[in-house]
Number of protein chains: 4
Amino acid sequence: MPANPPDPGRRNERSRRAILDASLSLIGELGYDNVSVEAIARRAGVGKQTIYRWWSSKGEVVLEAATDSLDPVVVFPDTGDIVEDLRVQLTGIVELIANTGFGSAYQGLIAAGQSDRDLLRALHDQIIAPNITAFGQRLTSAQERGEVRADADVQTLRDLLYGVIEYRLLHAMPIEPGHIDAVLAITFQGVR
Amino acid sequence: MPANPPDPGRRNERSRRAILDASLSLIGELGYDNVSVEAIARRAGVGKQTIYRWWSSKGEVVLEAATDSLDPVVVFPDTGDIVEDLRVQLTGIVELIANTGFGSAYQGLIAAGQSDRDLLRALHDQIIAPNITAFGQRLTSAQERGEVRADADVQTLRDLLYGVIEYRLLHAMPIEPGHIDAVLAITFQGVR
Amino acid sequence: MPANPPDPGRRNERSRRAILDASLSLIGELGYDNVSVEAIARRAGVGKQTIYRWWSSKGEVVLEAATDSLDPVVVFPDTGDIVEDLRVQLTGIVELIANTGFGSAYQGLIAAGQSDRDLLRALHDQIIAPNITAFGQRLTSAQERGEVRADADVQTLRDLLYGVIEYRLLHAMPIEPGHIDAVLAITFQGVR
Amino acid sequence: MPANPPDPGRRNERSRRAILDASLSLIGELGYDNVSVEAIARRAGVGKQTIYRWWSSKGEVVLEAATDSLDPVVVFPDTGDIVEDLRVQLTGIVELIANTGFGSAYQGLIAAGQSDRDLLRALHDQIIAPNITAFGQRLTSAQERGEVRADADVQTLRDLLYGVIEYRLLHAMPIEPGHIDAVLAITFQGVR
DNA sequence: ACCTAATCGAGACGGTACGTCCGGTCTTACT
DNA sequence: AGTAAGACCGGACGTACCGTCTCGATTAGGT
């Protein structure tokens, strides 16, 4: 993710953590674009150059912070009941959004991505693509067990499920368990 | 939409049009947030103050420009076939996005709305809400005719359909007729 | 002196004075090159851009401040006694150097001029050249009255008198009345 | 000259020379204060630390480089004709200034000395003071032989002669043989 | 000839200032 | 009164160097 990474061996891990932590906490407090690189450096107790040495923009920093905070959270369970498993997974994401800085960061990244194609691509590679893969595997396994029709359009199914969550997030609409139930009800009514 | 409207009687309509046109053309060329108020004023041949007198931010200007360009376009047909009518309507929106400055403007407004709640609300009131209303009416009429089950969750249905389009737009994924077909297939499989 | 002067009619005189005053006071306190443009702007309560709009560098600002503070001070008396008149004039300059911010500013300007030929030229035009002219006129009048030999090399005489003062200033050597007397004694021993 | 000399036995002479050479060549090309310690280190193929280990500042480095290049050059002849001897010595200095990197280095050192009293003192001790001594001895010998009046103010004489050269150097005025003649003519008209 | 400690090139680090851009406000002269 | 023009204060941008610091790798002297 670094713009043009120097020797990562010489990197100061203490500074890296301080920068990522400062990013998320500031964005949580002030919102993505009321946060400047200067402010991140100030809060992290770090020189601006140290940020620009390892990342090419605020977006890259925040993306790394978001990825870090997302990584350990989202796994697909496989209990044999695909709808129940998805309910668990989607609920986990919604809670991550609601209860951590991740929501604000993700909103900001999508927003920034609209005028920074590199950032949008990086966001895709690091956050969207892994989910596409995992979702595809879980669905395939459900198809093999006959839980879901073999000809179901997996990609569209995924876009619908995650798209509606992002849509409500970006439009500042609340996302509650009932919404997830309703979404799953409609989308799985005809595919199993 | 004016922030704190002075006397609108004395307003120079020539300047207003120049500003709205400059906004859309600049955003089409450079993307929403590579466009500054200064640049809009420069291109429109207008003083900065003239913009700030009538709008409270770049977002308001662009929203007005977007609304203007949207107004006459997307209506819900009612042929008695709800899925076919939706296909027509959704296709119309996708074409509007693809072929006019509206797409860039809308993307930018969603992005800007993430850190400007007033703008997001205005965007909702002027662009989203009318669609919700129209969609609700069309669906109700379909329910009355028995095309769609009476207990179908209309709001969730709408979020799914428009959410997935916005999702693909914001993630720079192409939206083609086949995608619309697939989305309609899944969402209407169980509701009629 | 402005780098590329905009319309001077629109200029804010209050800001101009604040900037010149801040320059001299800061240089007096900290020395020429411990003073940054940022610090001048801060002390003057002014945006950096307002400095860069009217001057092209710190040097230009300080030169204008120095010239302003020099202007009213140095005039050549003409009592008919050239040596006595020079003693008065030189003493005035030495006192200006000792007792005001002018000394520090002038030192800094000479120093900065060593790597900024434009600044050195501006310094020459605004401070050195007028002195050359005035000195030349006073000497000529002395020659006409027979106080000084007609074939005396006026330019060299001037360089010696003012050069030795600058030399002692730049080498942090004290300059006292006795030094001026000694200099005048040697240089005028043979020319009258 | 080292700031706080470590063990000079272990010093790498190859690096020392590379640093001094790089200093002078860079200053010749770019002027004293367009040259940074980083640039010297880069050109010399040396780590910054190696510079800071042995010198306390850029000024110290340049002073050592200048002293090295000055050492063998300017001696006072003693032919019995004081004016002629001075003409030779002054001409030698002027040529050193004009034809080697010494001029740029000296200019820069004077400039830097204005805001670094330690450097100015070092410059005095290593370059000015030896000249004062030598000049004093040569003048004394001239006085003993009756070439120059016994009560001539030697210190003032020296300041005048070398001050006027430095003055013209710092003001980017040319220094030619005629100037030296004129200066000697005025200053020695009354003292012999 | 070996060992160990200092020096070396390299370059990351926390900082400060650079000169530029733009945000939003205010002022001036013209229409 | 509205407008085009643009100066104003402020704050962030991304870059260059400062002087300090940490790394192995090399190189010296003392044994």
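What you see below is based on every heavy atom in this structure, not just the backbone, and it leaves out hydrogens, waters and symmetry mates. By convention in this document, chain letters (A, B, ...) are assigned in the order of the sequence lines, proteins followed by strands, and residues within each chain are numbered from 1. As the structure is a prediction and not an experimental result, all values here were calculated from the model.
Within 6.0 Å of atom CZ in Arg17(A), more than 12 heavy atoms from other residues, nucleotides or ligands are found, so the atom counts as buried in its surroundings. Other residues, nucleotides and ligands place more than 12 heavy atoms under 6.0 Å from the CZ atom of Arg117(B).
For the pair Trp55(A) CH2 and dG14(F) C1', the computed distance is 16 Å after rounding to whole Å. If you take CG of Asn34(A) and P of dG11(F), they are 14 Å apart, rounded to a whole angstrom. One interatomic measurement links the two molecules: CG of Asp33(A) to C1' of dG23(E), which rounds to 13 Å at whole-angstrom precision. With rounding to whole Å, Arg14(D) atom CZ is found 13 Å from dT26(F) atom C1'. Atom C1' of nucleotide dT7(E) and atom CD of Glu13(D) are separated by 14 Å, given to the nearest angstrom. The CD1 atom of Ile40(B) sits 12 Å away from the P atom of dC22(E) (whole-angstrom rounding). Rounded to whole angstrom, the span from the CZ atom of Arg10(A) across to the P atom of dC23(F) amounts to 9 Å. Taking atom CD of Glu38(A) as the reference point, atom P of dG10(F) lies 16 Å away to the nearest angstrom.
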How far apart are the C-alpha atoms of Ser115(C) and Asp33(D), what are their side-chain angles, what is the distance that settles it, and do they pass the side chain to side chain donor-acceptor pair (under 3.5 Å) test? CA-CA 6 Å; Ser115(C) 54; Asp33(D) 55 83; 2.8 Å; yes

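Side chain Lys48(B) to base dG6(F): no donor-acceptor pair is found below 3.5 Å.
Nearest-nucleotide positions on DNA chain E for Val46(A) and Val37(C) put Val46(A) closer to the 5' end. Of the two residues contacting DNA chain F, namely Val35(D) and Ala44(B), the nearest-nucleotide position lying further toward the 5' end is that of Ala44(B).
Across all strands shown, Arg42(A) has heavy atoms under 4.0 Å from sugar-phosphate atoms exclusively, and none from any base. Counting any heavy atom pair closer than 4.0 Å across all strands shown, Ser57(B) reaches no nucleic acid atom.
Distance from the side chain of Gln49(B) is smallest for dC26(E) among the nucleotides dA4(F), dT20(F), dC26(E). In this structure, of dG14(F), dT20(F), dC9(F), it is dT20(F) that holds the atom nearest to the side chain of Tyr52(D).
In summary, Asp68(C) and Arg16(C) engage in a salt bridge, as defined by a charged side-chain N under 4.0 Å from a carboxylate O. With respect to Glu38(A) and Lys58(A), no salt bridge is recorded, no charged nitrogen being found less than 4.0 Å from a carboxylate O.
For dC13(E), the OP1/OP2 oxygens have a side-chain nitrogen or oxygen of Trp54(A) closer than 4.0 Å. For Arg53(A) and dC13(E), the shortest distance from a side-chain N or O to OP1 or OP2 is below 4.0 Å. Regarding contacts with the backbone of dA12(E), every side-chain N or O of Thr50(A) stays at 4.0 angstrom or more from both OP1 and OP2. The phosphate of dG14(E) has OP1 or OP2 within less than 4.0 Å of a side-chain N or O from Ser15(A).
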